[in-house]
Structure formats: C-alpha cells, structure tokens
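Accompanying notes for the structure given below.
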Amino acid sequence: MARERVYIDADVLIIGGGTAGCLAAYEARKVGGDDLKIVILEKSFIRNSGALSAGMNALNMYLNQGTPEDLVAYIRYDMCGAPVREDILLSVAELVNETVAMMEKEGLPIKKKADGSYLNRGKWNIEINGSMLKPITANMAIKARARVYNRVYVTDLIKVGDAVAGCVGFGVRDGKMYVARGKVVLVCAGGAAGIWRPRGHGDAHHRIWYYPFNTGGSYAMCKRVGAKMVGFDTRFVPVRTKDTYSATGTLSIGMWAPMVNAKGEAFMEEREEYAKLGGHTAPTPLRVWAYCREMENHRGPCYMDTTRGDPERVEGLKAQYLDMAPCLVLYWACNDINPGREPVEIDAADPSIVGAHAACAGAWTIGTSRMTTVERLFVSGDALGAAPSRFISGTWTCGRLAGRHMVRYLREKQPQLLEISPAEVDALEARIFAPLERYQKCSFYTNGEPVEGVLPQQMEWRMQNIMEEYCGGRSRWFYVNETNLAIARKLVNRLRREQLQYLVAKDTHDLQLAWDVINRLDVCQLVIDHIDYRKETRYPGYVNRTDYPEVDDHNFDCFVTSVWDPETDELQFSKEPYQQIVPGDRKSETV
Amino acid sequence: MPPYVLPDKCDGCQGEKAPLCELVCPGNLMVVEKNTGKAVCREPGDCWDCMTCTKSCARQAIQTRIQYQLAFYPGKLIPLVGPRSVTWTLVDCHGNVERFIMRTLAGEEDDEI
C-alpha cells in the first residue's frame, strides 16, 4: 500500500533533537548565517524528549580548577587508563565552561556559593536546578529557527556513492513516510537502553537508569550505512539506588557518602584490595567491580552511607532528587526511609550502551571533525565513540562543535544534495512498514494476539533473555567468556537473520517498538562481537572475561573498531592506535 | 511511577490544539481515547517516570503512582508548576506531608517569560 510521503531538503539535517542536536542547530545557525536551512527530525516532542526529560541536578563536566588537559587526564584515569580520544575530549574541555555560561544566560539556574561563584560538586561538577534542562536546551534549537519535525522516527540513512545523502523514516502519529535529504547529516539520537533484562518487571520494567526510549538507533543506523564503529566492549554498568536506579553522584561526590557493605565497612578504603586501586576515587568501572565483588562474596546488601556524609548537604537530599529523580523521593516516602538518618541501599542495574557517559560506544570520527568514515555523516552526543564522560555540559559543547564543523564542511567542500533513486525509496518504504502490513494479514487468537507473527515486546524479551544469560547481565555479575558469547551470537544472529520477518505491529506506536527492537538487535551484534574481539579484561566491572581476566597491553592497548559487511552480515575488525596527547601516567590524575 | 488519570478531572483538554499529556510524552504513551474523551497511559510499564505529563496537566488530573512491587501504598507526590518554580507536595504512607519549592528557571518569579 502506497503511503503518503513527506519530502524534506536541508543544508544541515539533524537526526535527534536532544542535548547535542539542539546545540548543533544553534551553533550551525550562529556560524552558518541566516540562509542555512537547518532541519531536526525528532522521534518524540523536542521540548521534553530524551535523557534530560526528568531533569538532572548537576552538570558533570566543568572545570572548577585546573586546565582542559587536567580534565582529560581525569577522564582517562576514570576509564582505567584505557585509550580515549584525547583530541576530541580536549576540544570539548576547552569550550565547556563557555557553554555552561551561555546556558546560564538562557535561564538555567546554577547554584552559587556565597561569593557568587558556581557551587561545585567535587572537582569537575557543578550543582544546578535542572528540572527544566530539556525545555531550556530545546529552546536553543527554536531560537536557531531550526525546522523541527516532531514524532518522526528515522529508521535508516541513505548512502549515494561514498556519501550519506539523507534518511528515511515514518511519522509515529501520522503514519506517513518521510524522505529527508541533507548536504550534511548529523546523527545524535542517543545511546541504547533495554538491551539486557531489567531488574523490575511488569509496570516497573522501564524503571531503569538510562532513558528507555533511546534504543540504539544512532549505532544501528551508522553501522548499517557502513560507518566504522568503536567502543562497544565498554558497557556502562550503573551501580545506583536500589529499585529506582537513580543517579548517585548526589550522594558520592555531593556529600561524600561512602559505599559500605552489610558489616558497615567502607570497603573501598578499608579493604586493601580496593584501597590500592584508588579507594573512594577509584575509576568508575573498578568501583562497580568492587561493589559486585562484595555482593558475590555475600557481604551485601551494600549502601551509600549518607549518615557519614556532610550533614548540611544530607539535609537537602530530597529536594536535590526532586530536580532529577522524583520517583526516588516518593520511593523513600513509601518505604519509611529517611536518607539523612539511614544509609541508602544500592544495586547494579542492567548495562547501557552509551558514548557520552562513562563509556566509549559510538561511531569512529576523523580528527576532531565529528565526521565519521562515511563522507558527510557526522555524529555527536552518545553517538560519538571513544570520547567518554562528556555528560550533559560536554554533550552541549560537542553538539556546538559538530555544528561548527558541519558549516566548515559546507563552505570548504560545497556539497550539493544527492539524488536518491526512487526504486531505493520504494524498497525502503516496504521495509519500514512491513510489520504493519503483516499485521493486516493476520488472524487472531481469542485474546487478540496475532496467530501469524511475533509482537515487538515478545522479541524484546527474547533478546533481553539472551543478552542477560549469555552476554553477562546483572544476574550473571557481568561475567562472560567465549563459550557463552558464542551462544549469544548464534541466538541474536538467528533473531536478526531469520526472525525479523515475523515481526508484526498493530499500529504506528507498535511500529516504533518494532524498529526499537530491530535497532537494539544490531546493537547486540556490535556488543557481542566487540566484547569477544577484545580478549582481555581492561574495564573490570563493565566486562569481566573469565577466559581472559588480565589486561593485555601487547595486543589491546588500542582502539578496537569494526565495519559491517552487508554481504556477509559480519563485522570486519581492525585496530586504531591510541595517541597520547596529554603527557603523564595514564593511570593517575593530575589535580 | 507510571501516570494514572482521574476520570472526573480529565476533560481531554477541550479547547487545546492537542491534549497536553499526549503532546509531551517522550514515550508516545499518553492517548486520549476516542470513546471516553479522556487520557490514558497505554502501557504503564513503558513509562520512565519523567513526570512531564503530570507537570503539564492543566487540571492536575494525572497522578503518578510508585509501582507497588517497589513500595507500599498509599503515598503521593504532587507537583504544582509555577512560572519559574515548582512546588512539590510529598505525602508519605502515614499521611505526613512535606513541601518543597524548587527553582526551575533563573530570574524573579513575576518576571515575564
């Protein structure tokens, strides 16, 4: 059945109206001038969508002291000294304070000390009242007069020759087919949640740390169009408040509440094996690993001990969480928990695949251009790989830099819009809407479920079970080895290669869920194969390999990258050398 | 804390161009049902508890409830949104009330926005 089509042409085509995309639009307008045609395709509603939708109470990238080099040294240290893209991180660190000042002028309330300076939280963080972070961020795109299309789900990028020409997708509300072309295209559609089985079930299955509607579209689309990918062996494992999985920086850095085990030991300091790794300020993966180890050795439950924290800051704890995770405040009220008088229990959640938090997944980019190995295709935010710990303020900044680089590319290369073959668009239309078409032909059981098909939710559960059990989920304490990775690969590839033909969707909302699982399955392929390729354990806590438990600097002190081969449906791996720009010991901080 | 809609308060946003909760929900979960004219969360388990719908509702028709598998009943968290702040009323399971006023935008409360 032919669908109504919407054709869009832009100079700068942005996929994802989030933290990076809105600021990319702003900066592109600022440096590109009034005539630049900027378009944002947004899966949801730009004012409230994305990982910022519930707010945040701190900006976790800010130079309270030191130099950009010191910040990069810290980020490197926090990834266990592993290779990171220091060039990219430096470009962000040099501009991040200016970005924060700009966002304060746009209305973001930043907490102040008595002397008027920003209230810091530790060395690299500042406290904010961030419940309106997303409306304030979205306003930057509106100010830039970007043309925003809300509720458009982009499914695929289109390549013409060696360059990306645009993308296709569907209207989540209007059911139309969207065909958008751009002289340059920016993918910044977030990371991937919901790959592993969540802790909560039923009405709590989305009570997870990362925003559940970021389902790996950034990674899947870049992979499918042949971009070089990096860092999918760094899964971010959040150790957070038990049951609600709310952020814990408020407790750890904000008030120096230490992690304690059931015996009340502040184990990071009191147990020699963790103290020598850095104690309370050990790298993030090692703190995750230490928590898991305490639990595995039956010294749980574990807590953040707020009773040992700074009493003044503990007082305002509920208020601070209202700016970011109101559910935790209600959870405390409904469980008779007073976080100022008793420790807050913590737990490890399902891993997430991200590039802008403390992990490295994303597309590989050329120099600091933000352009991938596919001509005209740029990435930012969680879609950009090997440059961890940019968080919100760094992602705003990274978006700005992507905007600048895209405008520079337009000026230097003068690219023109590329013609997309009508036959290719027709084929993509059939592919996009196939689950809807199949549903129309189904017969139904007495409960209304289709006889001839698999619902998106059912395939999601199957995928999550496979990843949980064979790719080191939380119930397996994040352990993997070659044997279970091979099982995971076999089962996930069977889903990807043989089972997608059975996916059915009863309406366009279900079609969105169908594409969520299609994209997540592509992320599974990246994760399984990248973890398997890196035959070492460089980030214990994130990935624990029982078959290769040590660091292997001889073979793996480098970036591991892959390119998807559409003929064989296999990833072709290669290594990129690590370039140290900031001198010094990679396993220590400089301030 | 998925959203639940009180039928007596929800009027389907008559007069608005689009029902507000349906407009804003990041997960595309809130819909006004044709036969009742009232909003419903199509799949409470898919909600991320961002509370955008609850804050956006002009009639305070949306209550967010914590999942019973995680916490006891009853207990409430009610936001009242002002131009530059939000006032939260927290009622615990025993009926104890706490109130918090949180800044949302820089500037004075009565400044033009």
Side-chain angles (χ1 to χ4, degrees), chain A residues 43-45 47-50 52-55 104-111 129-132 134-136 150-151 153 172-173 193 200-208 210-213 242-244 316 318-320 322-323 325-327 329-336 457 508-509 512-513, chain B residues 1-2 4 18 22-29 31 41-56 64-79 81 84-88 90-94 96-107 111 113:
Chain A
K43 178 170 89 164
S44 175
F45 178 64
R47 188 176 181 277
N48 300 99
S49 61
L52 302 186
S53 56
E104 185 183 26
K105 283 201 191 97
E106 298 296 333
L108 177 68
I110 302 182
K111 296 185 188 175
N129 288 117
S131 67
M132 292 273 278
K134 188 60 208 287
I136 294 167
N150 287 309
R151 307 285 176 191
Y153 192 118
V172 176
R173 298 269 171 91
H201 49 85
D203 65 357
H205 85 107
H206 273 177
R207 184 83 308 284
I208 57 178
Y210 191 54
Y211 179 70
F213 310 117
K242 184 174 177 291
D243 293 337
T244 65
K318 287 181 192 166
Q320 288 189 52
L322 285 172
D323 275 345
C327 58
V329 181
L330 185 57
Y331 172 86
W332 283 334
C334 293
N335 279 305
D336 299 340
Q457 177 97 77
T508 50
H509 179 72
Q512 174 167 270
L513 300 183
Chain B
M1 287 191 309
Y4 293 89
E22 189 176 302
L23 178 75
V24 300
C25 176
N28 196 37
L29 299 175
V31 277
C41 177
R42 70 170 101 212
E43 182 53 64
D46 282 358
C47 170
W48 194 47
D49 310 337
C50 74
M51 293 192 74
T52 307
C53 61
T54 310
K55 289 181 189 169
S56 301
T64 46
R65 282 182 63 161
I66 192 140
Q67 296 87 344
Y68 193 75
Q69 64 181 282
L70 304 180
F72 295 104
Y73 175 85
K76 278 183 191 169
L77 182 61
I78 304 156
V81 178
R84 290 177 188 276
S85 68
V86 54
T87 303
W88 294 92
L90 175 67
V91 188
D92 74 10
C93 289
H94 311 287
N96 302 310
V97 178
E98 275 187 280
R99 193 155 285 144
F100 306 86
I101 300 173
M102 303 304 296
R103 173 134 329 275
T104 52
L105 276 177
D111 281 358
I113 292 178

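When reading the values below, keep in mind they use all heavy atoms of this one structure, side chains included, and skip hydrogens, waters and symmetry mates. Convention: sequence-line order gives letters A, B, ...; per-chain numbering from 1.
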Compute the ring centroids of B:Trp48 and A:Tyr211, then answer whether they are less than 6.0 Å apart. yes
If only atom types and distance count, is the side chain of A:Arg151 paired as donor or acceptor with the main-chain N or O of B:Leu23 below 3.5 Å? yes
Sort out for me which of B:Cys25, B:Pro44, B:Pro2 touches chain A most, counting heavy-atom pairs under 4.5 Å. B:Cys25
For chain B, find which of A:Leu108, A:Ile208, A:Leu513 contributes the most heavy-atom pairs closer than 4.5 angstrom. A:Ile208
Contact origin within A:Tyr210 toward chain B - heavy atom pairs under 4.5 Å: backbone
Contacting region of B:Leu90 [heavy-atom separation from chain A under 4.5 Å]: side chain
With respect to chain B, which residue among A:Pro135, A:Ala204, A:Gly202 yields the maximal number of heavy-atom pairs within a distance under 4.5 Å? A:Ala204
Measuring heavy-atom distances to chain B, does A:Phe213 have an atom under 4.5 Å in its side chain, in its backbone, in both, or in neither? side chain
Counting heavy-atom pairs under 4.5 angstrom with chain B, the leader among A:Pro109, A:Gly50, A:Cys327, A:Ala319 is A:Pro109
Which bit of A:Asp323 comes within less than 4.5 Å of chain B, counting heavy atoms only: side chain, backbone, both or neither? side chain
Quick check for you: to the nearest 0.5 Å, what is the distance between A:Asp336 atom CG and B:His94 atom NE2? 3.5 Å
For B:Pro74, is it the side chain, the backbone, both or neither that has a heavy atom under 4.5 Å from a heavy atom of chain A? backbone
Tell me, with the steps shown, if B:Gln67 and A:His206 meet side chain to side chain contact (heavy atoms under 4.5 Å, CB included). CA-CA 11 Å; B:Gln67 296 87 344; A:His206 273 177; over 6 Å; no
Per-residue tally against chain A (heavy atom, under 4.5 Å) across B:Pro79, B:Gly27, B:Gly75 peaks at B:Gly27
Side chain proximity check, A:Thr508 to B:Asn28, heavy atoms < 4.5 angstrom: no
Are any side-chain N or O atoms of A:Asn335 and backbone N or O atoms of B:Leu70, one a donor and one an acceptor, separated by less than 3.5 Å? yes
Quick one: what part of B:Glu98 sits under 4.5 Å from any heavy atom of chain A, side chain, backbone, both or neither? side chain
Can you tell me how far CG of A:Leu322 sits from OG1 of B:Thr87, rounded to the nearest 0.5 angstrom? 11.0 Å
May I ask you to decide if A:His201's main-chain N or O and B:Gln69's side chain share a donor-acceptor pair within less than 3.5 Å? yes
Which region of A:Ile110, side chain (C-beta onward) or backbone (N, CA, C, O), has a non-hydrogen atom less than 4.5 Å from a non-hydrogen atom of chain B, or is it both or neither? neither
With a 4.5 angstrom heavy-atom cut-off, could you sort out which part of B:Thr104 is near chain A: side chain, backbone, both or neither? both
Between A:Asn150 and chain B, with a heavy-atom cut-off of 4.5 Å, which part of the residue counts as in contact: side chain, backbone, both or neither? neither
Is B:Ser56 close to chain A through its backbone or its side chain, or both, or neither, when contacts mean heavy atoms under 4.5 Å? neither
Hey, which of A:Leu330, A:Ile136, A:Thr244 has the most heavy atom pairs under 4.5 Å with chain B? A:Leu330
Note: vs chain B, highest number of non-hydrogen pairs under 4.5 angstrom among A:Arg47, A:Lys105, A:Lys318 is A:Lys318
Residue pair A:His205 / B:Gly45: nearest heavy atoms and the distance that separates them: CD2-O, 2.8 Å
Closest heavy-atom pair, B:Pro26 versus A:Ser49, reported as atoms and distance to 0.1 Å, is CB-CA, 4.2 Å
When heavy-atom pairs shorter than 4.5 Å are enumerated against chain B, which of A:Met132, A:Lys134, A:Arg207 gives the highest number? A:Arg207
Side chain from CB out, backbone as N, CA, C, O: work out which of these in B:Lys55 comes under 4.5 Å of a heavy atom of chain A, or both, or neither. side chain
CZ/B:Arg103 to OG/A:Ser131 distance, rounded to the nearest 0.5 angstrom? 11.0 Å
Grab the two heavy atoms, one from B:Glu22 and one from A:Arg173, that are nearest each other, plus how far apart they are. O-NH2, 2.7 Å
Could you tell me whether B:Phe72 atom CZ has more than 12 heavy atoms of other residues or ligands within 6.0 Å of it? no
Counting only heavy atoms not in A:Lys111, do more than 12 fall under 6.0 Å of its NZ? yes
In terms of heavy-atom pairs under 4.5 Å with chain A, which of B:Thr64, B:Val86, B:Val24, B:Leu29 leads? B:Val24
